[in-house]
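The structure appears below as structure tokens.
Residue numbers begin at 1 in each chain, while the letters A, B, ... track the order of the sequences.
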Amino acid sequence: MTEPSKLPHRGVPEHQPAAGGIAARARAAAGPQYLNGLNPEQREAVETLDGPVLVLAGAGTGKTRVLTTRIAHILSQGRARPHEILSVTFTNKAAREMKLRLGQMLGQAVEGMPWLGTFHSIGGRILRFHAELVQLKSNFTVLDVDDQVRLLKQLLQAENIDDKRWPARMLAGLIDGWKNRGLTPSQVPAGEAAMFGNGKGGKLYATYQERLKILNAADFGDLLLENIRLFRENPDVLRQYQGRFKFILVDEYQDTNVAQYLWLRLLSQAPARPGLPLSAIIPGRIEDANPESPDSGSALSAHPGMTETTAAPSSSPPKNICCVGDDDQSIYGWRGAEVDNILRFEHDFPGAKVIRLERNYRSTGHILAAASHLIAHNEGRLGKTLRTEDVDGEKVTVTGSWDSEEEARAIGEEIEELQRAGDNLNEVAILVRASFQMREFEDRFVTLGLPYRVIGGPRFYERAEIRDALAYLRVINSPADDLAFERIVNVPKRGLGDATVQLLHDHARKRRMPLFEAARAVVETDELKPKARGSLRELILQFDRWRAQREVTAHTELAEIVLDESGYTEMWQKDRSADAAGRLDNLKELVRSMEEFENLQGFLEHISLVMDRDGGAEEEAVSLMTLHSAKGLEFDNVFLPGWEEGLFPSQRTLDEQGRAGLEEERRLAHVGLTRARRRAKLYFATNRRIHGTWSTTIPSRFLDELPSANVEITESKGGSGWGGSGGYGPSRFDNVESFGSSYTTPGWQRAQANRNRSQGGRGGQARGGFEESQSSFSGGFSRNKRGPMVIEGELVAKSTGTVSEFSLDDRVFHQKFGYGHVVKIDGNKLTIAFEKAGEKKVVDSFVERV
DNA sequence: ATCCCGCTCGTTTTT
DNA sequence: CGAGCGGGAT
């Protein structure tokens, strides 16, 4: 996402724009001008147009540049017209950036790239064209998580399920997970479907889908899943798109989930020969998952269950699909991304050309070496060696502090120092593992008067006031949108509470009509108290009036009228709380943003997909964000606090995902380091507050995994220093036995203290200690295992395939949680009801049968 | 319908 | 330790 062109100080001569004159003309002779300044690998990635291509683009290697140049190349070679190129990204931001850059490259000629966008927006677009084939109307509403949860709550109530024990949120998560894996209600494995709500999970999913159709709505997952269903059930429609897209480009391929993968597979298939059953095109993967698959043990061989049914591609000419990604930056496994997709690309697309971009244009030598060395500890990767021609620069620093407060103080001081030295605060970022770490920095920066901005947080369209305003517009646009109606029926307060809404629901259900129509009917009766009846009638009249006005009034103006007449604006004007003013601003911003759209319908169609938090006027400030939201960004100075066991890597990830989780955390560390151009500064604190109580923490194992030649151990500048021992002490190796054990318990700490005392003499330089700790770590990991561990199998398997050695109801022991019994098995993940700790998900290698 | 108290539970986040 | 939620009281 970030490019060498932004780095004048890096001095990369061949990346200077062609300056005209003889040299430029000479270069032009070697090829089109847009190819100038590409290195040989980049150029190969741009020019290899035929057949499947995987571009493994390491951090800072010019990924976006390759993607956009490739599109320019396709167009200028006349290989396809703009509307024949499908180009997908994950975020709107990435799509926008690509459009922008293409525009710069081609000179405003991108108007006709209708198929450049996010997976979801393109999926939604296709779905609207064929809505009737998936039981929707083309103006269907896209629901967000809030709507989903509210709908599911209703379903849970109808089923008489205790939503305390089985929260709607959890079901929403499950359904989302199923959709991510491309599973329709009938395809959900019986065991999984049964695990929610006393066996009713699958049924609820099915009912939910039915309700969505009635509401003329789709959730985010549907934008892809329903698209897949559309293609599967209507081969002619699929063929139409297969024929249309001459070239497919995919950004951030390592982040694709199974549904996205299936969708790409369908589209990238050459038109099926007559008579070829569609099922041959659709990979079995999850649906056909065969846990006994002999393949499931090896990282690169196959998805478990991805068996011979996948053989179809070899019989068709290879499609021109180009996926760009970096397996070392895959950090979204927890929300359904399948690293396997990228690891198995060559297998999925036979004859694929794999091109590695390994020249980094971003970071200095020390930073790059540290990052490379760290990530080399991962097993499940395709392997790249980043190199730079830049200077070594400053070493990566590691600083210990007594506690998190001191950590914040130390970082604050260093930033002030940078500021004094003339660094721009926009080039300073603090990247944390978890957002709760941010507060301490905010406190500190407020005290110092250091300007900062928090990146991330709730999105614009997720804010209550925006969602309320949208709900009004949704009801105007689509009277059947019950979820929207319910949201605003008593906002602002109109005396229409639960009792009234319940009555409307009863009516609506009996007469099979939307809530709004039910309301219209109910006000004609005397079922409501006069007061409620009056205000409901008033509300209906208002909506009727607004709908009529819609015909004659611009949509932006209509929105203002609605917000005004409904009393919604007034509600916030009267609100005395601190954020009320900000909310009013947001409403204004919403109306302003509507101007870009032609009408209300168009606005609503895109709003839920496209609306980003707004950039805002950028004055110089330090950026504060999570490691996840830092992906794709770069800064001269990067501060990385909180490198402690339990926090980073996160204990929870380790508990739930085991080795695969550790590797994902390590990739996160790698992402963090590679954000830095000139300075990367790591920190760990000895004491940190966790859930309100202070705990002693241990430096992250990732610190041990850094090459000492590129790292400088410094002392905390503020306060008491770290343990008074002057730099790194023996506890650097303390993590050896911490993995999978409860190192936060007093007993463990006591044992640890003893151990340190007896081994105290060992504390020397970092080198050597690393390998030692690493091997002990591995030993520690498999401590509970019977026999050698199949690392690849576990890494890849995640939730599918690996056969667990445990059976339901087995009595087991876990180092941290004690005794319990197995209640669910999901590959190598077990759900265990612990006698003391309650129900937990753990990886099987952490428990032993007793 | 609203308010207040007490309980629970603590990553990461896009669309 | 504190935010957020749900239940019960008013």
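Classification of the A:Phe129-A:Trp115 ring pair by plane angle, with boundaries at 30° and 60°, yields tilted.
The phosphate of B:dT13 has OP1 or OP2 within less than 4.0 Å of a side-chain N or O from A:Thr626. Applying the 4.0 Å criterion to OP1 and OP2 of B:dT12, one finds that A:Ser435 has a side-chain N or O inside that range.
Checked by atom type, the side-chain pair A:Asp144/A:Gln148 shows no donor-acceptor distance below 3.5 Å. Judged by distance alone, the side chains of A:Tyr332 and A:Asn257 never bring a donor and an acceptor atom under 3.5 Å apart. Between the side chains of A:Gln254 and A:Asp326, no donor N or O sits under 3.5 Å from an acceptor N or O. Side chains of A:Asp468 and A:Tyr568: a donor on one and an acceptor on the other come within 3.5 Å. For the residue pair A:Asp328/A:Asn378, the side-chain donor-acceptor check at 3.5 Å is not satisfied.
Looking at A:Thr653, its side chain comes within 3.5 Å of the base of B:dT11 through a donor and an acceptor atom.
As judged by a 4.0 angstrom heavy-atom cut-off over every strand, A:Thr693 is placed among residues making no nucleic acid contact. Base contact: A:Ser650 has a heavy atom under 4.0 Å from a base atom. Nucleic acid contact class of A:Arg433 (heavy atoms, under 4.0 Å, all strands): base.
Regarding A:Arg689, its CZ atom lies at a distance of 16 Å from the C1' atom of B:dC9, rounded to whole Å. What separates CD of A:Gln657 from C1' of B:dT12 is a distance of 12 Å, to the nearest Å. For the pair A:Leu627 CG and B:dT13 C1', the interatomic distance rounds to 13 Å; values are reported in whole Å. Summarising the geometry, the separation between CE on A:Met170 and P on B:dG10 is reported as 10 Å, rounded to the nearest angstrom.
Stacking annotation: A:Trp334 is stacked on the base of B:dT12 (ring centroids less than 5.5 angstrom apart, interplanar angle below 30 degrees).
Closest-nucleotide positions on DNA chain B for A:Gly221 and A:Arg652 were compared, and the one nearer the 5' end corresponds to A:Arg652.
Each of B:dT15, B:dT13, B:dG10 was ranked by its minimum atom distance to the side chain of A:His628; first place goes to B:dT13.
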Close N or O pairs between protein and nucleotides 1-6 of chain B (under 3.5 Å):
residue, atom, partner, partner atom, Å
B:dA1, OP1, A:Gly497, N, 2.4
B:dA1, OP2, A:Asp498, N, 3.3

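Taking a cutoff of 4.0 Å between a charged side-chain nitrogen and a carboxylate oxygen, A:Arg533 and A:Glu527 do not qualify as a salt bridge.
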